[in-house]
Protein chains: 2
Amino acid sequence: MSLRFGILGLLSEWEASGYDIKKEFDDLMSIFWHSHLSQIYPELNKLEKENLISSKLIAQEGKPDKKIYTITENGKEELMKWLLAPTESPKLKDVFLMQTFFMDNISVEEVVFKLKMYKKERTQRLDKMKQIMIERLKSIKERNVMKARILMSSVVLKRGYEQELQYIRWCEDTINLVESCKFLWEKSEGKRSTIIPFSDVEEMFMNYFSDMIEEY
Amino acid sequence: MSLRFGILGLLSEWEASGYDIKKEFDDLMSIFWHSHLSQIYPELNKLEKENLISSKLIAQEGKPDKKIYTITENGKEELMKWLLAPTESPKLKDVFLMQTFFMDNISVEEVVFKLKMYKKERTQRLDKMKQIMIERLKSIKERNVMKARILMSSVVLKRGYEQELQYIRWCEDTINLVESCKFLWEKSEGKRSTIIPFSDVEEMFMNYFSDMIEEY
DNA sequence: CGATCCATGTAATCCGTTACATGATTAC
DNA sequence: GTAATCATGTAACGGATTACATGGATCG
């Protein structure tokens, strides 16, 4: 239900083809959404039937023809209605966190390895975003222009950046905690994992969670 | 493709019914996944057909009968294979960030209102997680036990908490930035929004993004 | 000469959500 | 008496992913 508004939002600024829209989704917008061409094209056709966008066919030399879409007044109204509607409470899906939750089932070495790998993955995303931001800033400064759309896309970029940075820090902290709690993965009685008194790990445990439970 | 592993992961620790599993998904696990009973029940049947779990029917007094599922050796292997497999790069979906991206289409007052509302929403989630953590800690201390599963579920809880906290802080920072850049939403020439020289907002802009572009 | 880019789509499948269906017990 | 809890499902629909299909231009 959100893809259509992603498309309408984009077309509220520029006119574009399905192919162009896909590129935007793969670029900056990948921070909050993603979609395949095979979903974008049918959605564009639906939006046109509903009179929220209109199209014109452009012939090109040396390249296939393209269909350029423009938002209609109806479309702008729909977009604004959606922007003003209360946002549904977010339902997160994070496969890595799910894996982490169940990592008592693999060895400590493997846990640490997985955390390091994932940290790497996230670091690459961070670097990419930093790069995008630096280029944006350069271009903004050179052209010396600022407007609401640029501001809002930049604050979204910042949120994406922060998210990556914090995930990386969490990976680091968690690697440290897991390594200092290694012995929890030792198997006693053949198959079952160790259960030890909390007091043995209390200090490092409380240290890891200190900012979460300050006053407690 | 992840729901089945969420179920297998749960059953690697306790045996449970579909109804029990749903409750776990609604509780702590809601940080990284969610699912409906109408999806859980068919998935359980599929998993049983594939010999990854087995069931026994338990008759109860005053309550409907229930089917208790247990993980099989096959199931444990599948779970471990999944835990060790490289994690697919995360594809985020965040409707609120999408809305934010396009908020040049509504008035500043409405932008600030939306940000405040969303901050409230996230604050409620934060409080809930804090509560869960405090109760966990109390129970861990009282029973004086620690094991790998408890550790890993706690680190996941911390990630969830941090995520909420940081989102809230971003909302606050963004409200301030938007309010100090109000004039960008003023319409000039009837319909188009204002374009102003970047130098007019450079200081507050750079301040908001300072941690993202330190050395630049 | 193979890969990637440009450009638009259809079909099959899978995953997820909402609605429908049933029915006893318990708490307010 | 009305809502919530316990307990298990099916059916319909909608959204998202993967596979299939086409074909010229350009780059290495």
Charged N to carboxylate O under 4.0 angstrom, K128(A) versus E164(A)?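 No.
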Looking at R159(A) and D94(B), is any side-chain nitrogen of the basic one under 4.0 Å from a carboxylate oxygen of the acidic one? no
Distance-only polar pair, side chains of E48(B) and S54(B), donor-acceptor under 3.5 Å: no
Please report, rounded to the nearest Å, how far the [atom2] atom of [N] is from the [atom1] atom of [X].
| X | N | atom1 | atom2 | value |
| --- | --- | --- | --- | --- |
| Y19(B) | dT22(C) | OH | P | 19 Å |
| W33(A) | dG15(D) | CH2 | P | 11 Å |
| L37(B) | dT5(D) | CG | C1' | 12 Å |
| Q39(A) | dC15(C) | CD | P | 16 Å |
| L57(A) | dT8(C) | CG | P | 9 Å |
| Y41(B) | dT8(D) | OH | C1' | 5 Å |
| I21(B) | dT8(D) | CD1 | C1' | 13 Å |
| K22(B) | dG9(D) | NZ | P | 16 Å |

So, OP1 or OP2 of [N]: does either fall under 4.0 Å of a side-chain N or O from [X]?
| X | N | result |
| --- | --- | --- |
| Q60(B) | dC6(D) | no |
| H36(B) | dT17(C) | yes |
| K66(A) | dA7(C) | yes |
| H34(A) | dT17(D) | yes |
| K67(A) | dG9(C) | yes |

Pick the closest DNA chain D nucleotide for S35(A) and for D65(B) by heavy atoms, then say which residue is nearer the 5' end. D65(B)
Let me know, please, whether K93(B) or P42(B) comes out on the 5' side of the other along DNA chain D by nearest nucleotide.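 The residue mapped nearer the 5' terminus is P42(B).
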Side chains of F32(A) and L92(B): does their closest heavy-atom pair fall under 4.5 Å?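 Side chain of F32(A) against side chain of L92(B), heavy atoms only: no contact under 4.5 Å found.
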For R149(B) against G9(B), the heavy-atom pair lying closest together: NH2-O, 3.4 Å
Base, sugar-phosphate or nothing for K91(A)? Non-hydrogen atoms, less than 4.0 Å. nothing
Any N or O donor-acceptor pair linking the side chain of S38(A) to the base of dT18(D) at under 3.5 Å?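 Under the 3.5 Å cut-off, the side chain and the base do form a donor-acceptor pair.
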